[in-house]
Number of protein chains: 2
Amino acid sequence: MSGTARRTGDHRRPTVADVAREAGVSVATAGRALGNYGKVGADLRERVQTAAELLGYSPNVVARSMRSGGTQSIGFVGADISNPFFATAMRGLCDVAREEGYEPILANSDDRLDVERNAVGVLLDKRIDGIVVSPTSVLDVEHLRRAEEQGVPVVLLDRHSPVLAVDSVLIDNIAAAKSAVAHLLGEGHRRVGVLASVDPVERPEFEDVDGELVVHGAQRPSVDRIRGYLSAMHAGGVRVTTDLICSAALGDVADADHRAGELLSRTPRPTAIFATDNVTTQGLYTAIRRLGLRIPDDVSLVGFDDLDWTTLVEPALTVVAQSPIDMGRKAAQRLFARIKGDESAPQQYLMRTHLVVRGSTAPPHSS
Amino acid sequence: MSGTARRTGDHRRPTVADVAREAGVSVATAGRALGNYGKVGADLRERVQTAAELLGYSPNVVARSMRSGGTQSIGFVGADISNPFFATAMRGLCDVAREEGYEPILANSDDRLDVERNAVGVLLDKRIDGIVVSPTSVLDVEHLRRAEEQGVPVVLLDRHSPVLAVDSVLIDNIAAAKSAVAHLLGEGHRRVGVLASVDPVERPEFEDVDGELVVHGAQRPSVDRIRGYLSAMHAGGVRVTTDLICSAALGDVADADHRAGELLSRTPRPTAIFATDNVTTQGLYTAIRRLGLRIPDDVSLVGFDDLDWTTLVEPALTVVAQSPIDMGRKAAQRLFARIKGDESAPQQYLMRTHLVVRGSTAPPHSS
DNA sequence: TTGTATGCGTTATCAA
DNA sequence: TTGATAACGCATACAA
């Protein structure tokens, strides 16, 4: 009996040829029997299968990929897998991928365009069948366009690009932020601050139009959430000044804490603050505690992302909840639809969010 | 000028042959110039490179893999990427992989052996060059042994297998747990409980040997942490009974909360509890709050894993800190050492842990 | 140094 | 139904 591995280093895995020899048939027949394509007689199929079993055959996917062009692999490029948002989205993506018989290859961009470009290039060279990306820039997307041109579908996660005709899966950032701020206004707050994360390369600019502040800048989560904030404030008839709008470096909790501290030392102090993502929420929370302020007595807080810890602290935080796992799933579903040939017009898929009102928001103490 | 993509669906990417034709040289020369191997004249190299540039050539890694055998991909199989421990370890692994020019393929096992086996099989079929796995079982490891036999190095993360001769990267679970419990004993606690996560298929068994409790069962984190607990208690001269040892379903916060509730309703109530991982820590914390108990006045708590939230709650939690990112890095480093041919005897790499004493532990209120 | 020819393992085409 | 053979794209052994 030959064929089973005898020692470490016995690298060679059996091929169809080996199986064919063992079964005494041609490689073509063996291939057909193993791959379940074409016509094979029942007896030969049997012989081939037992031979395969005996040798411990399993197909070389690389060779198959070379012929078929497909690799049964997809790529996922996000800023940082250790961020709970991406980790959870990745989980959803993995689940759908596995249902489809695919495996995901992961790359972190750290929100650096060069890193992202490089990662996308590597993934294309690996001939992935599709790619989900949460792009650093929604304007500089040549690398993603190239993917599309090569026939590799792209789906954007948590971002939409005005210059790239692909599906995108995200939330209605403006509406979500608006609901958060409207809640604060409803509680009676007037001096409401916002703490956003802003990427240095696509930072928003503010313009005062007839006493009303408007934001210029690409449609990215942070910026749109500022838009939602402004929209709510305007709808509530509250004048906004730029000293209530504060931004911290993307993904940097310490900086968020620092900036939140600045925001909290404006005079008069904001009676409520809206943090636009989970990192700024955490920074804001620690800053409030560092300054010895009480929630919600001294300051109300609405955070973003319904992470576990927001219910572990006391009081539990009012947050805008989104569902990263569903976003990951949806993105994967759209990607596989495209991989399977869906040619319909690209869409923005806006996933549900909801405001979870908990104990960190209350009417302002003194007005 | 031909060759650049004209429309979506123009799938064909240029090959060395295309570049060779464009440059007016043979495929061999083009290949040598592009792959930087063999000898090529400066002028021809130039011609080839500009031709490649013009056509937008980049190598087909799949074809290269078929010849070379290597894929520049590694696998990572963990229970659940949305668990912060795995997400952070994955981050470390990604970083090292990228430095080495590799990309990781991710699979979640949900601590299910069949899922894990299948995932490993798929990864092997994809001809990954190595695999880091945090195995569901440390005894049933045939699938991992098969990988080794095929020449695919395996590194275990957060687990050690007595029946598999491969590197493993983990912490000294016994010592870490012992230090946690010793701290509680040092504070004067005697009635100390432990809340562990236990996999149903490899659950530990307890035996009373001369009035001293010993655990039987494979060397897994949870079980070893129970061992550390027992060791500390024994060293402190405290008798342990099984009613102080409680276990919850792996990865299930709700169950951990439930079990913690049971543990907290023993009479007399434990004055301190050690939770063996981040999931049970969270469950224990919510159970304590649900029952209206105060930390550390009514019950002291030592948790496991230094997650952000443990410093956001009040009081901040005393925890055993490990460094998942370093564990991920280390595992990747060992894997690449093996991939590069390191044949030295497999080792257990024990990573640093330390007890971070914060406000959730204090002497028992009344003794 | 450059070119020709061949193999990697699968799958598909074609002929028997 | 079965078998011989070509092709995917790259890298190499060998010939020129």
Side-chain angles (χ1 to χ4, degrees), chain A residues 3 11-49 51-52 55-73 101 124-129 150-151, chain B residues 3 11-49 51-52 55-73 122 124-129 150-151:
Chain A
H11 293 192
R12 224 178 92 58
R13 287 174 53 151
T15 71
V16 260
D18 296 321
V19 175
R21 198 176 315 113
E22 181 77 27
V25 298
S26 73
V27 282
T29 307
R32 282 189 276 256
L34 295 168
N36 274 341
Y37 57 90
K39 308 284 181 192
V40 193
D43 48 339
L44 287 191
R45 154 165 285 123
E46 179 79 9
R47 284 233 306 275
V48 170
Q49 274 162 354
L55 299 179
Y57 170 82
S58 71
N60 184 330
V61 184
V62 174
R64 178 180 290 169
S65 293
M66 174 141 83
R67 265 208 64 88
S68 69
T71 52
Q72 306 286 103
S73 293
L124 290 178
D125 288 350
K126 283 194 190 275
R127 296 298 197 272
I128 47 158
D129 295 346
Q150 289 176 12
Chain B
H11 293 192
R12 222 178 93 59
R13 288 175 53 153
T15 72
V16 259
D18 296 319
V19 175
R21 197 176 315 114
E22 181 77 26
V25 299
S26 74
V27 281
T29 306
R32 283 188 273 258
L34 294 169
N36 273 342
Y37 54 89
K39 308 282 181 194
V40 192
D43 48 340
L44 286 190
R45 154 165 284 123
E46 179 80 10
R47 284 232 306 275
V48 170
Q49 274 162 354
L55 299 179
Y57 170 83
S58 70
N60 184 328
V61 184
V62 173
R64 181 179 289 170
S65 292
M66 173 138 84
R67 265 208 63 92
S68 68
T71 52
Q72 306 288 104
S73 293
V122 170
L124 290 178
D125 288 349
K126 282 193 190 277
R127 296 298 197 272
I128 48 158
D129 295 345
Q150 290 177 11

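Lettering of chains follows the sequences in order, A, B, ..., and the numbering in each one begins at 1.
Distances shown here put every side-chain N or O of B:Thr29 at or beyond 4.0 Å from the OP1 or OP2 atom of C:dT2. The side chain of B:Thr15 places no N or O atom within less than 4.0 Å of a non-bridging phosphate oxygen (OP1 or OP2) of D:dG9. Distances shorter than 4.0 Å separate none of the side-chain N or O atoms of B:Tyr37 from OP1 or OP2 on D:dA13.
The B:Ala28 side chain lies nearest to C:dT4 when the options are C:dC8, C:dT2, C:dT4. The side chain of A:Arg64 sits closest to C:dT10 out of C:dT10, C:dT4, D:dG3. Of the candidate nucleotides C:dT2, C:dG9, D:dG9, D:dG9 has the atom lying nearest to any side-chain atom of B:Ala63. Closest to the B:Asp43 side chain, of the nucleotides C:dT13, C:dG9, C:dT2, is C:dT2. Among D:dC10, C:dT10, D:dG3, the nucleotide with an atom closest to any side-chain atom of A:Tyr57 is C:dT10. Listed nucleotides: C:dT10, C:dT4, D:dG9. Nearest to the side chain of B:Ser26: C:dT4. Set against C:dG3, C:dC8, D:dG3, the side chain of B:Arg67 has C:dC8 as its closest nucleotide.
Using a 4.5 Å heavy-atom cutoff, the side chains of B:Arg64 and A:Val62 are not in contact. The shortest distance between side-chain heavy atoms of B:Leu34 and B:Val16 falls below 4.5 Å. Within the 4.5 Å cutoff, side-chain heavy atoms of B:Leu124 are placed close to those of A:Arg13. Taking the side chain as every heavy atom from C-beta outward, B:Arg127 and B:Ser65 never approach each other to under 4.5 Å.
Atom pair A:Leu34:CG and D:dG3:P shows a separation of 13 Å (rounding to whole Å applied). Atom CG in A:Asp125 sits about 13 Å away from atom C1' in D:dC10, given to the nearest Å. Following rounding to the nearest Å, A:Arg21 (CZ) and D:dG3 (C1') show an atom-to-atom distance of 16 Å. In this structure, CD of A:Gln72 is placed 11 Å from P of C:dT11, rounded to the nearest angstrom. Regarding A:Arg47, its CZ atom lies at a distance of 9 Å from the P atom of D:dG3, rounded to whole Å. Atom NZ of A:Lys39 is separated from atom C1' of D:dG3 by 18 Å (rounded to the nearest Å).
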A:Ser73 vs A:Lys126, test: side chain to side chain donor-acceptor pair (under 3.5 Å). Steps then yes/no. CA-CA 9 Å; A:Ser73 293; A:Lys126 283 194 190 275; over 6 Å; no
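Counting non-hydrogen atoms under 4.0 angstrom, A:Gly41 reaches the backbone sugars and phosphates but no base. Among the atoms of the strands shown, none is found under 4.0 Å from any heavy atom of B:Val62.
Ranked by how close their nearest DNA chain C nucleotide is to the 5' end, B:Arg32 and A:Asn60 are led by B:Arg32. Nearest-nucleotide positions on DNA chain C for B:Ala42 and A:Ser58 put B:Ala42 closer to the 5' end.
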